[in-house]
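Please read all numbers here as calculations on a predicted model, not as lab measurements.
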Amino acid sequence: MLLAAIDWHALLFLLFALVACGFGAAVLLTSNVVRMAFYLTLCLGATSGLFFLAGAQFVGAMQLMIYVGGTLVLLIFGVMLTAQARFISMKTGAGEWILGAIVGSSLLLLLVRAGFSVESWRLPRLDRDKITLAEGQTSTAIGLALTSVRVDKLSAPNEKLKPGMSGYLLPFVIVSMHLLVVLIGAGYMARTKRLGVNRATDRPVAQAPPRDRDRSFFVSAGLASGMIVNLLLAVGCCWLVAKPLAITGNAAPTNQFLLQLAKAIDAAPSWLLPTLGLLFLANVLLLVVVWYWQKWGVVGLVIVPLVMAFLIASTSLGQAAAVTIALIALAPVVLLILLLCSGRPTAWSQME
Amino acid sequence: MLRPPDGLVADGITAIDMDSFPPPITVSHYLVVGAVLFVLGAVCMATKRNALGVLMGIELVLNGANLNFVAFGSRFLRQDTLGLDGELMALFVIVLAAAEAAVALAIALNFYNNHTTIDVDHADDLKG
Amino acid sequence: MAQFLNVEVFSRLAGLAGGSVSADSWMGYAAAAAIHILFLIHVVAVGALVFIWLERKVAGRIQDRLGPTRVGGKFGWLQTLADGIKLIAKEDITPKDADPLLFKLAPYVSFAASFTAYMALPFANGWAAQEINVAVFFIVAVLGLEVFGVILAGYASGSKWSLFGGMREAAQVVSYEVPIGLCIVVPVLIVGSMNLVTIGEAQVGFFSNWLIFHDPFTFLVFFVYFTCAVASVNRAPFDLAEAESELVAGFHTEYSGLRWSFFFMAEYGSMFLVSGLAAILFFGGWNGPIPIFHMIGWAYEQGETGWRITGYIAQVAGVLNFMLKAVLGVTVMMWVRWTLPRLRIDQVMTTCLKYCVPLAAFCFIGAMLWKVYDVSSPHDLHGYTYGRSFAETRENWVLASEDNASRAVGNALRGVPESGTTEAQANSNRTSPHAHASVGRGTPDVTAPLAAQEVN
Amino acid sequence: MNLHDLVSQLIIDSTGSASLITPDSSLRAFLPELVICATVLAMLFVRLFRVGRYVDMFWIALAGSIAALYFAAPWDHLGAVLTADQAAHPAAVTRMEIFTGMLVYDTFSVYVRSALFLFAILFVIFTRLSGIPDHEDSPDIYTLVLGATLGMCLMVTANHLLMVFMAVEMASVPSYVLAGILKGRRQASEAALKYSVYGAGAAGVMLYGISLVAGILNTAHIPTIALTLAEKFSGGLSAVPSGELMVLALGALLISVGLAFKLSAVPFHFWCPDVFEGATAEVNAFLSVASKAAALALLVRVALGMGVIAPTGFAPGERWAKTHQNAPATTPTSTDKTTDLFYIAQEPVTAAGAAAAADSTAEPAKLPAMQSLAPVRSFTAKLIAFFAIITCTFGNLAAYGQTNIKRLLAYSTIAHAGYMMMPVAAVVAMAGIDNAGAARGIAGLAIYIAVYLFMNLGAFAVVAFLRNAMRSEEIADYAGLVRRCPLTVVCFSLILFGLIGLPPLSGFIGKFAIFASLVDGWRAVEAAGQPGFYLLLLLIVGGINTAISLFYYLRVVKVMTIDDEPADRPPLVYSDVSLAGAYLWLITLPTAGLIVAWDWLSEMADAAARNLIG
């Protein structure tokens, strides 16, 4: 009865555990990086044996396939690409060894103690024959769990604490996104450098622009007056927010236009007026920007009236009002652009 | 072959009890292997000068943790387990580790291209 | 373990010889294990001998020569054996620049990986060294490890030709694992199991039941699989790792003698393995084109227990059937080798990434849609699932996972006899040559006692 | 329970109802992340076509981030206090565990995710202005940035230990590449190597800790962990076997290593200065703002998740089913089964399920559980306080001797991580004693995150623009800048004053909120008769550190304004009045002016803290 009496689980466990730990130690002790990779292969192979032994066949096969067959091949590939003679074996200093040994052994002691300190971990399962096929062989159950259907914990003894009612559909799906991003990143890092890189940090510092720029009087005057007008409009908006025009009563404006305006403002939502004020302020800033020879200021000056028109159109004031406002606001901008493009040399050509 | 033996009790060989040799394998034994791998990996990370050696240390660490997960989830080792969570987490860790290794390797190769060395001790441009 | 040479045969033979060996005893167990190991080793080692001879003959015929003719009579039967003896007698050289340890280990790593994969390969219904639930996955995973031997050999030889060979192999094999995985998923998807025995048994019946004829996608994916398999075992036209016209002999340039022959055993072992896998996944495995043994009632029926000589003969015929298909696959690989020129490395990569992967993915999606929309095919697997849908099969898992009380109720509803004692189940499990069927039936199978189950 | 039921429950869990996607479904809650995924895919897809090569990925990335922010909709969800009726409305955000408990969706996640998306928008514009990704690199770089942002969103919402690990990996691994984005540079590749090696190591250690915790409690679902812990500790601390205590503490410590690494907390900060110096200023901004905010949110999730019984929540689709009971096609199976199966983990609190659950019978059962978790909270609070004290002090002290502005800001980031961990310690200590105070503490943290976002982004923007102008990141080269670009110097000075926390600037709001929560915590804990001295210590250390930090921030200001221009400085080509300058104004505006909108910000922050603690 010798063979039958042998606890095969214990025997195989011992075998795999010794191989795993032994070659793990070999990984640490050898200084030759290729051998390190080889020992790591054997170590991880033995670990997959332990997975099989614990009943996790799918994980074991996965470990062989992805870890040993994929990741480690990749590592060895890296080793070979960098395996110049002087890098193959790099020795670790004695001091580091001693330190590593001390810290490592104390950590190991702690972890081993921890491993034996919980009772439910220490005691073996005695009723192994009660294990059903569904519990023991897990690839179908894993497949179901990856589609978020957990069949393993439908019947935990404590109803309240049925643990792990967690289907793994989301991780399963989202990890693919991760792999995609990571592969792009790895490809980016591993690609050879391109010629003609055009990054800001790789360009030489730009030459200083010519300092002696000049501008016709009309442009300067247009910019200045634009600033003043916009500032006034902005102040006006703020003033209207602070002291709304009365539509009726004694204070009601007699001027027909003002009355219309007051009614329009009253009809508009409360956020419109402050926003318009801010936009006028933005116009002032943009004019300053144009003053300082920046082309994008002009772009901004075109965009701001369009935004105003869009905002007004989205309220109850109607699209006609919006178009009117846009036209009124755009007219000076067009004038400004014409001014900028006139003269010799044109102001536009001197701008950045 | 590698199916854990569950037969001893049912086979009538109940004579083997807790104290006899060999002791039945429990979660703790798996944890010891996991701890050994973890510590070896950690020390490997700390002492190796070759960047790829450091990466191998990381693989060992992750495997130690994975072994724990599988042991905690195994029906054969104890009654009330982590369940499939253990195996599934191990699966995802394997996948994530593969992704991480790919990136780390690409970075190590990039380092090698720029420094013509793979010795992490030479990575000392940045300090202060 | 080892239903190969059923222990009962062994014990009967022993009984004839006057001894008495019980099938359940450790001797029965050990004998079965030993016989099994011997058998597998012979499949690999003797197989390699035969294949090398075959390769030479095929090459000769394709090149309009005769091939070996002298040793062992007219057909040169014993040529490989003679070569083998020569190889054993040769000096075992280790180059000066080599890494001696890795140089010596590399061939064995390669061989061990190839040999380990045989563990999960069934040769007939239930006749596998170890019926693993994830056998397909396991075989592909282990086959992927063979590359380690090649890489190590390439590196450890200390020769740049070898190193080039090793690097090429690493790049190639890692790339080709992707389409291979995708191809293998297609039959797995259709049958709904990763268990090779289940997949093989799902194709029982006439040849129209073979999965390659299941739908256009499986038909297409077989060719993708075969291409990738050729590449993954490093055969021409994908044999860049040894590319003798460029790299002398690639990764095994520096090897000689017995170590060199181990690489060859590994190569031919892998060839047989991937062909066998193709046979099971696409060509009905051990099921012949016409189910003669099922017609005359010899073959074991689903769920049948007990041992009988006719069933045994049917199983042996299944083995022969399977071997024939696998050898045919190997022969085709030889034919390809001596017909097509070798690709460049960039062409190899292009083939993989631009053609094989998209094609396999297309087939996978197509087969999935075929399955989802339940398009009819020559064989809709009803015989295998006994008219039960896959959802129902899965449902049994849910039921089997519930607590004992509701499980009993569920079984009662399904007409499955009350499970009763564990012993009864253990018995049924032990004596069934169709242990896998319990998965399909969803019986809350109790893992049988080790001795009992393993001896069987 | 058959398979069909399980699958239909899964569908209800994902989409809220069998026939349509309801406003309270998992997918709807996850929509911003899905938009990010779609953006990444779009960037790759566009490149497939010849025309797409000419498309600037900047616009796609920008549109994606804006869309993500739009779908996160903080303006809708971070309103005033919800009544029970309002909370029962399907579109209202309360606590909801989505995707079978993998993630949790509540106002806190809305807040932090919105901050992340806002940062992504600003960051994408920033990189465009500073010109780091050129046309060919831009899809890769924006893919990495958005991929990391996706991971950070998962960090913010993680409710399961696997998701914790996975989110940390998803946020870190793209960051490793980002650190080495200038791949031709020695320093950049060194930074990337160091970051990836240390990061992977820390992740491994954290994983081991996770395995221990999950193994001893037999679950990885964080609320269930809290319940299991409460059960374990129900007999008091002494009733727990010392071995189990040791394993739990060990697991917590190992997990804290990983979190501390992400937070760059001392002693796991060593990567931070090196990586910051080697990587570009743009990446630094990303690492110091987004990564830090996500790490803090994760710290809150883990610390509070394990130390506090999760408050009442709804299951996906539950409220929809209640409000649309007469709707034609709701569910094939009864909805209460849904709750039953997937939300069993919350059983004690969600038994009643409806809005009325807040005052249902579950409450009395919850209190003892909360009480028995007190040792867990006390341990966690002290651990965090310890990390906060050394992180803050070390960061500020080490910032002194720095000559490189990026290193200085790196240490400043470390110090700020310390400040931001302080309220977490106070919150964990207060939970169960003074829940309202704890919520205020979370709100303080939320305010600090918002303020810090603008300050640090602005600081690194200045560094990046000046680097483009003069190819130097040495503080000495900034001398006399006020004569060249006065507006930029003003912006930078305002930002630096804000980082100190000087009163008129918005940095002050953050500091004030944090210190207020520490005082609250100290009072509450002391009033409950437990030792709360460490919270007072935190307050004192925080105060002293603020004083210390004054000097090194002011030194930079002094160099820029008072010192003479160095003779050997490369020619400086930089105009205040440029798009870059305008961007700086835009960033500085909230730094200087958020104090005006304090009410508005603090209302949002209060809303963010609403669902974290019962």
Side-chain angles (χ1 to χ4, degrees), chain A residues 110-111 113-121 144 147-151 154 158-171 174-175 177-178 180-182 184-189 191 193-194 197-203 205-209 285 288-289 291-294 296-297 352, chain D residues 1 6-7 10 37 40 99-103 130-132 134-136 140 143-144 147 150 154 160 162-163 166 170 173-174 177 180 182-184 212 216 218-221 224 227-228 231 241 243-244 246-247 250 280 341-342 344-345 347-348 467-471 570-571 573 575 577-579:
Chain A
L110 184 69
L111 289 178
R113 233 189 79 98
F116 279 98
S117 61
V118 176
E119 198 184 359
S120 77
W121 296 351
L144 287 173
T147 51
S148 262
V149 177
R150 287 292 292 270
V151 295
L154 291 178
N158 184 350
E159 269 296 310
K160 280 187 182 170
L161 290 179
K162 259 184 194 171
M165 287 311 302
S166 322
Y168 282 72
L169 183 59
L170 176 78
I174 211 74
V175 81
M177 205 63 217
H178 175 60
L180 178 69
V181 170
V182 159
I184 289 170
Y188 174 81
M189 284 311 274
R191 260 199 319 251
K193 269 175 279 184
R194 285 165 298 115
V197 189
N198 195 24
R199 237 187 251 118
T201 46
D202 300 321
R203 282 194 294 262
V205 176
Q207 289 306 306
L285 282 177
V288 172
V289 164
W291 185 276
Y292 279 98
W293 306 98
Q294 298 285 324
W296 59 272
E352 292 157 21
Chain D
M1 187 64 56
L6 287 174
V7 170
L10 169 66
C37 295
V40 169
F99 294 114
T100 66
M102 278 285 157
L103 303 179
S130 73
I132 270 301
D134 63 4
H135 188 76
E136 196 168 338
D140 297 327
T143 297
L144 289 167
L150 178 66
L154 292 180
H160 189 276
L162 173 68
M163 289 315 291
M166 199 159 153
M170 286 181 72
V173 178
V177 183
L182 301 179
K183 58 185 175 181
L212 287 183
I216 195 168
N218 284 339
T219 176
H221 181 230
T224 316
L227 288 177
T228 321
E231 200 182 39
E244 296 197 7
M246 183 182 106
V247 173
L250 195 63
T280 65
L341 183 73
F342 284 111
I344 223 87
E347 183 75 28
R467 172 206 65 206
N468 284 354
M470 60 185 189
R471 293 288 179 279
V573 184
S575 166
V577 195
S578 58
L579 272 180

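- Interface residue D/M170: backbone and side-chain heavy atoms are both found under 4.5 Å from chain A.
- Pairing each heavy atom of D/R467 with each of D/T280, the nearest pair is NH1-CB, 3.9 Å.
- Counting heavy-atom pairs under 4.5 Å between each of A/G297, A/A186, A/G185 and chain D puts A/G185 at the top.
- Nearest approach of A/P171 to D/M102, heavy atoms of both residues: CG-SD, 3.9 Å.
- A perpendicular orientation is assigned to the rings of D/H160 and A/Y168, their planes being inclined by more than 60° (bins at 30° and 60°).
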**OP:** Apply side-chain contact (heavy atoms from CB on, under 4.5 Å) to the pair D/V173 and A/H178, showing each step before the final yes or no.
**Re:** CA-CA 9 Å; D/V173 178; A/H178 175 60; 4.0 Å; yes
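- Both the backbone and the side chain of A/I174 come within contact range of chain D, each with at least one heavy atom under 4.5 Å from a heavy atom of that chain.
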Subject >> side-chain contact (heavy atoms from CB on, under 4.5 Å) between D/I132 and D/L182, worked out >> reply: CA-CA 9 Å; D/I132 270 301; D/L182 301 179; 4.1 Å; yes
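- Of the listed residues (D/C37, D/P174, D/P241, D/G147), the greatest number of heavy-atom pairs within a distance under 4.5 Å of chain A belongs to D/C37.
- Proximity to chain D (any heavy atom under 4.5 Å) is restricted, for A/M177, to the side chain, taken from C-beta onward.
- Proximity to chain D is absent for every atom of A/S120, based on heavy atoms less than 4.5 angstrom apart.
- Contacts of D/L150 with chain A are made by side-chain atoms alone, with heavy-atom separations under 4.5 Å and no backbone atom involved.
- Here the closest heavy-atom approach between residue D/V247 and residue A/A114 is recorded as CG2-O, 3.4 Å.
- Here the closest non-hydrogen pair linking A/V181 and D/T143 is CG1-O, 3.9 Å.
- For D/I216, the parts sitting under 4.5 Å from any heavy atom of chain A are the backbone and the side chain alike.
- For chain D, the nearby parts of A/V289 are the backbone and the side chain; heavy atoms of each come within less than 4.5 Å.
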